[in-house]
Amino acid sequence: MFDLIAHAIPVFVLCLILEAVSFAVRPDDDERGYELRDTGTSLAMGIGNVIINIGWKLAVLAIFSAAYLLAPVHLPAANPLTWIALFVADDFAYYWYHRTHHTVRVFWASHVVHHSSRHYNLSTALRQTWTPFTSVPFWILLAFAGFAPWMILLQQSVSLLYQFFIHTERVDKLWRPIEFVFNTPSHHRVHHGANPSYLDKNYGGILIVWDRLFGTFEPENEPAVYGLTKNIDTFNPLRVATHEYVAIWRDLKTARSWRAVLGHLFRGPGWQPAG
């Protein structure tokens with residue numbers, strides 16, 4: 001099976017080098033640039049994600065194939081309209097996947113990895129989860145709708161490839177029509193900000209229109225403070241990958257009711273029982 005992301009790795013590395021050089025040649029006091037330990041952690045998380053996905057994508061392919069076999073229709077890959085519909089459906093699925101992974105704590109435990117850096121550069125895009133297993137429910141519906149599994153996986157890769165390039169401070173706001181329709185570096189800087197006005201905003205993948213439609217859009221009005229509201233102060237990849245699961249387990253052990261147990265799992269990341 002063709003893996004677009006694996007083939008794009010040399011491009012990612014080249015762009016990382018060029019961006020790092022740009023900070024050395026033309027530094028900006030308002031931008032954080034690269035920090036060696038932070039970048040090393042992001043690269044380690046990315047490598048771990050690629051290794052885990054070697055096996056996991058085979059499982060996903062099997063799950064999507066089973067759903068596709070049950071689909072009442074099979075949409076033709078040769079029809080350009082199928083690809084347009086897939087683009088929209090995939091981006092819509094990504095919006096709700098992303099939003100849910102910020103608002104449901106057990107999902108946040110997987111996604112928090114991506115927000116754990118206090119820097120914002122192209123290496124941050126590679127800081128990916130080692131527990132990608134929570135994504136299946138959001139895309140299996142596309143297989144049930146009649147999109148072939150290989151098409152779904154390819155479109156997911158296209159989305160991830162696009163999103164790599166918006167993890168940068170080196171690009172200012174773009175032409176207004178582009179900013180209105182597409183997710184851009186400006187919009188995604190907001191998403192990575194821990195500023196109170198930026199929390200839980202701009203979930204879009206390629207398009208920003210879903211945020212505008214569902215009330216989660218926020219323009220870039222002030223410099224973003226990157227990282228978490230409570231930073232973990234570690235460059236250890238294993239701790240970065242697991243720290244929120246450890247915190248959930250700690251809360252579950254002290255929970256005094258089933259309501260508290262469910263709250264710690266399925267309410268927002270900052271939820272605590274009354275009292």
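Residue indices begin at 1 and follow the sequence shown. The figures that follow rest on heavy atoms only: side chains count, while hydrogens, waters and symmetry mates do not.
Residue pairs meeting the side chain to side chain donor-acceptor pair (under 3.5 Å) criterion with at least one member in residues 175-184, sequence neighbours excluded, are Glu179-Thr184, Glu179-His187.
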Anything under 3.5 Å between a donor and an acceptor, one on a side chain of residues 9-21, the other on a protein residue two or more places apart or in another chain? List them.
unit_1: Glu19; atom_1: OE1; unit_2: Tyr34; atom_2: OH; d: 2.4
unit_1: Glu19; atom_1: OE1; unit_2: Leu122; atom_2: N; d: 2.9
unit_1: Glu19; atom_1: OE2; unit_2: Thr168; atom_2: OG1; d: 2.6

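Between Phe133 and Trp56, the ring planes lie perpendicular to each other; the angle is over 60°, past the 30° to 60° tilted range. Ring geometry, His188 versus His114: the interplanar angle falls from 30° to 60°, so the pair is classed tilted.
Of all non-hydrogen atoms in Ala109 and Val112, the two that sit nearest each other are O-CG1, 3.5 Å. Across every non-hydrogen atom of Gly33 and Asn121, the tightest pair is O-ND2, 2.8 Å. The heavy-atom pair separating Asn231 from Leu228 by the smallest distance is OD1-N, 2.8 Å. Across all their heavy atoms, Asp38 and Glu35 have their closest contact at N-OE1, 2.8 Å. Shown here for Phe64 and Ala143, the closest heavy-atom pair between the two residues is O-CB, 3.5 Å. Of all heavy-atom pairs spanning His98 and Tyr203, the tightest one is ND1-O, 2.8 Å.
Looking only at distances, no side-chain donor or acceptor of Trp108 sits under 3.5 Å from a matching main-chain atom of Thr103. Counting only distance, with no hydrogens or angles, the side chain of Ser157 and the backbone of Ile5 share no donor-acceptor pair below 3.5 Å. Formation of a donor-acceptor pair under 3.5 Å by the Arg32 side chain with backbone atoms of Arg118 is found in this model. Side-chain N or O atoms of Arg267 include none that pairs as donor or acceptor with a backbone N or O of Pro273 at under 3.5 Å. In this structure, Thr39 contributes its side chain and Leu36 its backbone to no donor-acceptor pair below 3.5 Å. Listed for the Ser257 side chain is a donor-acceptor partner under 3.5 Å among the backbone atoms of Ala260. With Thr82 contributing its side chain and Ala77 its backbone, the two residues share no donor-acceptor pair below 3.5 Å. The backbone N or O of Leu238 lies less than 3.5 Å from a partner atom in the side chain of Asn236, making a donor-acceptor pair. With hydrogens and angles ignored, the 3.5 Å screen pairs a side-chain donor or acceptor of Asn53 with a backbone N or O of Asn49. Between the Lys173 side chain and the Glu220 main chain, a donor and an acceptor come within less than 3.5 Å of each other.
Both Leu154 and Phe144 belong to a single network of hydrophobic side chains, linked directly or stepwise wherever heavy atoms of I, L, V, M, F, W or Y lie under 4.5 Å apart. Taking hydrophobic clusters as Ile, Leu, Val, Met, Phe, Trp and Tyr residues chained together by side-chain heavy-atom distances below 4.5 Å, Val136 shares a cluster with Val106. Hydrophobic clustering (side-chain heavy atoms under 4.5 Å, transitive across Ile, Leu, Val, Met, Phe, Trp, Tyr) groups Leu86 together with Leu153. Cluster annotation: Ile140 and Val104 are assigned to the same hydrophobic cluster (Ile/Leu/Val/Met/Phe/Trp/Tyr, side-chain heavy-atom contacts under 4.5 Å, transitive).
The local environment of CH2 in Trp249 is sparse, with at most 12 non-hydrogen atoms from other residues, nucleotides or ligands closer than 6.0 Å. More than 12 non-hydrogen atoms from other residues, nucleotides or ligands lie less than 6.0 angstrom from CZ of Phe217. Within 6.0 Å of atom CZ in Arg212, more than 12 heavy atoms from other residues, nucleotides or ligands are found, so the atom counts as buried in its surroundings.
The cationic atom of Arg170 (NZ for Lys, CZ for Arg) lies less than 6.0 Å from the six-membered ring centre of Phe23 and within 45° of the ring axis.
Note that NE2 of His192 and OH of Tyr198 are 13.5 Å apart. Values are rounded to the nearest 0.5 Å.
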Problem set entry | Step-by-step ring pair (Phe, Tyr, Trp, His ring centres under 6.0 Å) determination, Phe214 to Tyr95 | CA-CA 10 Å; Phe214 297 116; Tyr95 172 85; 5.5 Å; yes
For this session: Output, in order, the C-alpha distance, side-chain angles, deciding distance and verdict of side-chain contact (heavy atoms from CB on, under 4.5 Å) for Gln272 and His264.
Result: CA-CA 7 Å; Gln272 288 294 326; His264 286 309; 3.6 Å; yes
For this session: Apply the test side-chain contact (heavy atoms from CB on, under 4.5 Å) to residues Ser110 and Tyr245: give CA-CA distance (whole Å), side-chain angles for both, the deciding distance (0.1 Å), then the verdict.
Result: CA-CA 8 Å; Ser110 172; Tyr245 291 108; 3.5 Å; yes
Exercise. What do the steps show when you test Ser42 against Thr124 for side chain to side chain donor-acceptor pair (under 3.5 Å), and what is the final call?
Worked result: CA-CA 6 Å; Ser42 295; Thr124 309; 5.1 Å; no
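With Trp210 as the fixed residue, the side-chain hydrogen bond (donor to acceptor under 3.5 Å, both in side chains) test singles out one of Asn202, Asp91, Thr216: Asp91.
Gln156 and Ser135 share no donor-acceptor pair across their side chains, judged by distance under 3.5 Å alone. Remark: the His191 side chain and the His102 side chain contain an N/O donor-acceptor pair separated by less than 3.5 Å.
Salt-bridge check for Asp233 with Arg239: failed, with every basic side-chain N at 4.0 Å or more from each acidic carboxylate O.
A search for ring pair (Phe, Tyr, Trp, His ring centres under 6.0 Å) contacts involving His101 returns Tyr97, Phe107, Phe138, not counting sequence neighbours.
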